[in-house]
Each structure stands twice: as C-alpha cells, then as structure tokens.
**Student:** 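One structure coming up, written as structure tokens, with questions to follow.
What you see is a predicted model; the values in this text were computed from it and never measured.
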There are 2 protein chains.
Amino acid sequence: MATVSRVFGGGGVSAGARERVLEASRRLGYRPNAVARALRMEATRTLGLVIPNVMNPFFTAVARAVEDAARERGYSLVLGNTDEDPEKEARYLEVLLEKRVDGIVISPARAASPHLEEVGRAGVPVVFLDRYVEGVEAPVVRADGRRAVDELVGYLVGLGHRRLAIISGPPETVTGGERLESFLAGARRRGVEVSAELVVYGDFRRESGARAMRRLLGLEERPTAVFAANNLMALGALEELDRAGVRVPEEVSFASFDDVSWFRLLRPPVTAVAQPIRELGEAAARMLPEMVEGRGRPESVVLEAELVVRGSCAPPGGGG
Amino acid sequence: MATVSRVFGGGGVSAGARERVLEASRRLGYRPNAVARALRMEATRTLGLVIPNVMNPFFTAVARAVEDAARERGYSLVLGNTDEDPEKEARYLEVLLEKRVDGIVISPARAASPHLEEVGRAGVPVVFLDRYVEGVEAPVVRADGRRAVDELVGYLVGLGHRRLAIISGPPETVTGGERLESFLAGARRRGVEVSAELVVYGDFRRESGARAMRRLLGLEERPTAVFAANNLMALGALEELDRAGVRVPEEVSFASFDDVSWFRLLRPPVTAVAQPIRELGEAAARMLPEMVEGRGRPESVVLEAELVVRGSCAPPGGGG
DNA sequence: CTGAAAGCGCTTACAG
DNA sequence: CTGAAAGCGCTTACAG
C-alpha cells in the first residue's frame, strides 16, 4: 500500500516497483480516491468561486480567468451564483466550508456580511474580487474606476452636457457607491449639479437598466447624457433606447461602466470604462494557492480602469 | 456521536437532544465535514460540468442553468473549460473521476472519445449536452438545428440568393457536421450548389470567424449571403464585416446559428437560429440526480431550434 | 438517548 | 521494497 501511495502521490519509488504498480492498477481499473486523500491530507485541492452571476460578462471572464489559474496550479473550481442575494451567498459559503475547499474567491453581494467573518474564523483563505467587505482580513483584487469615471464626466461636460444622469448600482455596494460618488463628485467639481431625479438606482441587472432608462426618458426635462454603472444595466438601457426610438448620440449621449466585446459592433459603438478583467482574475487565482500553501498573505491588488472613447457621446442637442 | 450525526444528517432525534447538540456545536464552532461524509457515503453531492468554454454565451447560459438545477437538488458544480482540446478534456475527466463526482454533464470536444468510455466504465452517470459521443451509453440533451437551418436556407434562396456561403464549425463535431450538412442539403434540394470555396471551416471560436469572413470577402466572386455556424464565429465575422466596411444586408446578407442577447441591438439586428438553452440546461441537470439516485436511465431530450428572422438578410444586390 | 466499534480509502512514519 | 498500523471525520447498526 505504501508503495502504491508513493507511485500516485509522488514519492521515491524504484522504476521496477512503479511499473508493477502501474501495470496492476491498469489491470484492476484502479483510480486513486481524491476524497480519501483529501480527508487524510486535510486539503481538497478545490477552490470556491462565489459571484453574483456568471451571465454577467464581467463575471464570465472572471470565472474563466480564475478557473484557468486554478487548474494550472492543480485546483478544481466550484462555482456559485448568488444573484446579489445575501441569503443565497451565505448558503453557498456554508456549503463550501462544509466541503472544506482550500480557499474562496468571492465578489460579495453586500458591503457587510457576517457570513464572511465566519469564513475567516474557519481559517479558510479568502480573496475578494471586484467587491469587498470591510473588516474582513483578506486581500482585495479590484479595478479602481474613480479616475476613469471622473475622466468620463470631464469628457461629457467638455462636450457641453449639463444634464447628466446616472443609472447607478446599489449605493451600498462598494462598486455601486464608488461609481456613483465619483460621478457626482466629478460633475460637482466642474460646476454641474446632478439633480435627484437624474440619479436612478438599479440592481446591476438588465431589467433595472431598462426600467431606469424608461424613467429618465419619461422626465419632463430629459437628461442629455446617461451613464450606466455596469454592463447589464447598459444592455437594458440600450434596449430601451432602441425601443423608444431615441437616437444615440444625437438625442442622448450614452456611456457604460464595463466594456463588452460587442459594444464596438453597435451603431454608434459604445463609449465605456473598461476593467482589466483577465489580470484581475489571474491575480485572484494566483493569490489563493499562495495563501493555501502558507506562503504568507499577499498584498491587495488595485488596477486602474480605463476610459475607452467610442462614438456614443456627442455635444447635446446635436440631433435637433 | 450517533446523535450528533443524526442531528446534522437528518434522523429521528428528540427536540431536547437536538437543541443541546446545536448549542454545543455553536459553542465549539463545529461544522460537519462533507469530505468525511462523502468518503463514508460514497457520494460527494458534486457534479462536474465539462464544456468547451464558459466565455461562449451559449455555454455561459448552460453553466448557469445547470448550476441552478444542481443547487436546487443539493449538488455543487465543478466547472471545466476544455477549449475544444481532447487532451484537456481527458485531464478534466480524470480529475472529476478521482474526485468521485456523482455525475458529469459534458459537451465533448470530439465525436469520438476513449476517455468517455472510461467514465462509463467507472460507473459515473453522464449526460451529454449539445454534443455527444457515439457508442457511449448516456442520454443526450440537445437542440436539433436541422429544421431551422433548412428553413433559413429556404428563406435565403427565396430572397434570391444563389451564392450561399457557410462559416462552418469542425465537421467532425456533431453540431458542426449537422449544421454544415443541413445547410448544404437544403441548398441542393432547392437547386443551389454550394461551391467548395464558399465552405470555410473555423473552430467555433471568434478569431476563426473573422479569418473565414476575410477569406470570403477576398474571393473573386463574393458570396451574397453568409451563414456562421455559431455565435462566436458570428461575432468575429461581424467584426470583420465592420472593419471592411461591408454593408449588411445591402452588400451581403448575414445569419448566425445561436442567438445572443445583443443581436437585436445591432444595425441591422441579426437573423439567427435560436436554441432553447435554459430548457437544455435544466433538462441535463434534472437528469443527473435522477441517475445518481438510481431512478433509472432518463430518455434523451431533443428540442427544436427556431429561426428568428430579423433584419440582416435581404435580396442580393440590394445595395447596388 | 448514548457510547463503542467498524469501515470508507487514503498517507505516513515504522519495522523488517 | 513491503507489510502492519494509526488516524483523518464521518455513518450506521448494535448494545445498554
């Protein structure tokens, strides 16, 4: 048994013995049981990835990047979609803890989470991706969008816009709050006050983007430029613009946080703030094995988002 | 110990005993170890999902649907991207087998696979999704695209097209072969012969779609209508059309297999063959627990794909 | 209800 | 190199 274990687990075994073991296991159809191995080793070589929704292209790319990096290091990836629901998130976390995953990459639904403190207490390494929870001791991997959003606001104001609207994410989320604040602050700093009716809150999902755009288009005095705080809400907003037959950028300028492969195929191509997603996912998945294998606590990584100017913004009133 | 096990595993325990167990485990921070449980029970409550790439919107939706259905039934999902590489696929399968997953949903890279026979031999339930391997005894969940592709060809020929081109997937894959054959057969049946230069092979990935379109546009005599056999190649092809400044549908009509949320946002909106993805994913994830829990071998499910006519096809020569 | 015991399949020192 | 043994944390019959 010891020799068999060494052949499969990687230890010093003579060539002859190895060959005989391999031959016998081929004959018997033997396959090492990773469950038993995990129990004995107290390590499952499995990582958990907890995200709002894989259907969001940002998280799709994150999932792919994390899975790649995990596999390269000999880890499997268990996937969970929370739909921004803290209850669902808590249940996933509990399952991952019971399954004794070696580490968790999470983009938490809320800025506060008792369940994540629980994870910390269980001694399971955590890396926050995109969003984080204050007070939980774990590295964060994210893109800072403030500079790029500020730049976008400067660009819009420079084009002559004074009625700027934002389709914001939930302000209690890190990213939602950050994008909203930098948008408002950027406008204010340039002498433009964004009135309350021009701040519409969504939940980062598509339907809420459509609903928000509908609301903005129904206003007595429409905004001349609209910024959607993530890709899904942008999709919904664009659909609504399309449905309402509102021309972009002649009647209203439009920009989005998050870039998506097909933005540049639209007429006009959509101006967007792009996050370095692959780098983000890679950084997260690189950190976890480091923590798992006890090589210390990696530093947080904050990358910069970039404004990508395309054709969806123009001076206001250009159409009329 | 027996009582604790019953409290967490679900057995008859008196209210008083249950409360004391719960109180003690709260105090001690006890959490059941699913690894040990899996070893003892010979069931991991984990399913594997092996797909070419989550970044393909079709498989993104599949992953989401399978994950939902798995979770509802108390299973976790391990994700693997093969990139259409049989070697990578084989390695994933081996890992899943060693980890003793209770079942595997797979969209195999090739129509032949010794590794999948291996999985059958290991006694792990398998469900094929979208694509399958002949000779492996397992239910298949897929959409039959033949009728819809034939309908599309009829529509194009009806518009007056005689130079039909296809950007095909690998003909040795089930879906690639099926779409190519129904395209060619549909044309022939209508008296249109598709010449060899108008059949360009890609690998279902974006770059190959762009490359194929570049080739078609470089032809002495261009096609008047192009059909891309999946969404990713369609994306690449559309980008190439855009780059080359070719107007759709005036200069060339275009249609895609697979529908994508943003197709209808394009100018013109893209005509496509839509698969019932959610139903596909749900069916697959419903079957696996049935097989795992020994409730027999479910029947294969074949749903119909539907042609969605939008604005990207018009009579040939409409632009000149 | 509770305790003792066997066994799931490994890994890892320890003898021989 | 190989065999015997302990132990990872459960579940499940079996006594008491």
**Student:** Restricting to side chain to side chain contact (heavy atoms under 4.5 Å, CB included), what partner residues turn up for Arg91(A), sequence neighbours left out?
**Tutor:**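 Arg91(A): side chain to side chain contact (heavy atoms under 4.5 Å, CB included) contacts with Glu87(A), Lys88(A).
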
**Student:** Can you run down the ring pair (Phe, Tyr, Trp, His ring centres under 6.0 Å) pairs that involve residues 16-55 of chain A, sequence neighbours left out, and say none if there aren't any?
**Tutor:**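 Non-adjacent pairs meeting ring pair (Phe, Tyr, Trp, His ring centres under 6.0 Å): Phe8(A)-Tyr30(A).
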
**Student:** Please identify each residue that fulfils side-chain hydrogen bond (donor to acceptor under 3.5 Å, both in side chains) with Glu304(B), with sequence neighbours left out.
**Tutor:**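 For Glu304(B) the side-chain hydrogen bond (donor to acceptor under 3.5 Å, both in side chains) partners, ignoring immediate neighbours, are Arg147(B).
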
**Student:** Under the side-chain hydrogen bond (donor to acceptor under 3.5 Å, both in side chains) test, which residues partner Thr46(A), sequence neighbours left out?
**Tutor:**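 Once residues adjacent in sequence are excluded, the partners of Thr46(A) under the side-chain hydrogen bond (donor to acceptor under 3.5 Å, both in side chains) criterion are Lys99(B).
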
**Student:** Taking only Watson-Crick and G-U wobble pairs with both distances under 3.5 Å, what dot-bracket line describes DNA chain C, where [ ] shows pairs that cross earlier ones and | shows pairs with another strand?
**Tutor:** |||.||||||||.|||

**Student:** Which residue pairs pass the ring pair (Phe, Tyr, Trp, His ring centres under 6.0 Å) test with at least one member in residues 78-104 of chain A, sequence neighbours excluded?
**Tutor:**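 Ring pair (Phe, Tyr, Trp, His ring centres under 6.0 Å) check on residues 78-104 of chain A returns no pairs.
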
**Student:** Applying side-chain hydrogen bond (donor to acceptor under 3.5 Å, both in side chains), name anything that partners Asn231(B), two or more places apart in sequence or on another chain.
**Tutor:**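 Partners of Asn231(B) by the side-chain hydrogen bond (donor to acceptor under 3.5 Å, both in side chains) criterion, ordered by chain and then number, come out as Asn56(B).
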
**Student:** I'd like to compare against my own output: the B/S/- annotation of nucleotides 8-16 of chain D with a strict under-4.0 Å heavy-atom distance to protein.
**Tutor:** BBBBBB---

**Student:** Holding to salt bridge (charged side-chain N to carboxylate O under 4.0 Å, His left out), I want the full list of residues that pass it with Glu117(A), two or more places apart in sequence or in another chain.
**Tutor:**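 Listed in chain order: nothing, the list is empty.
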
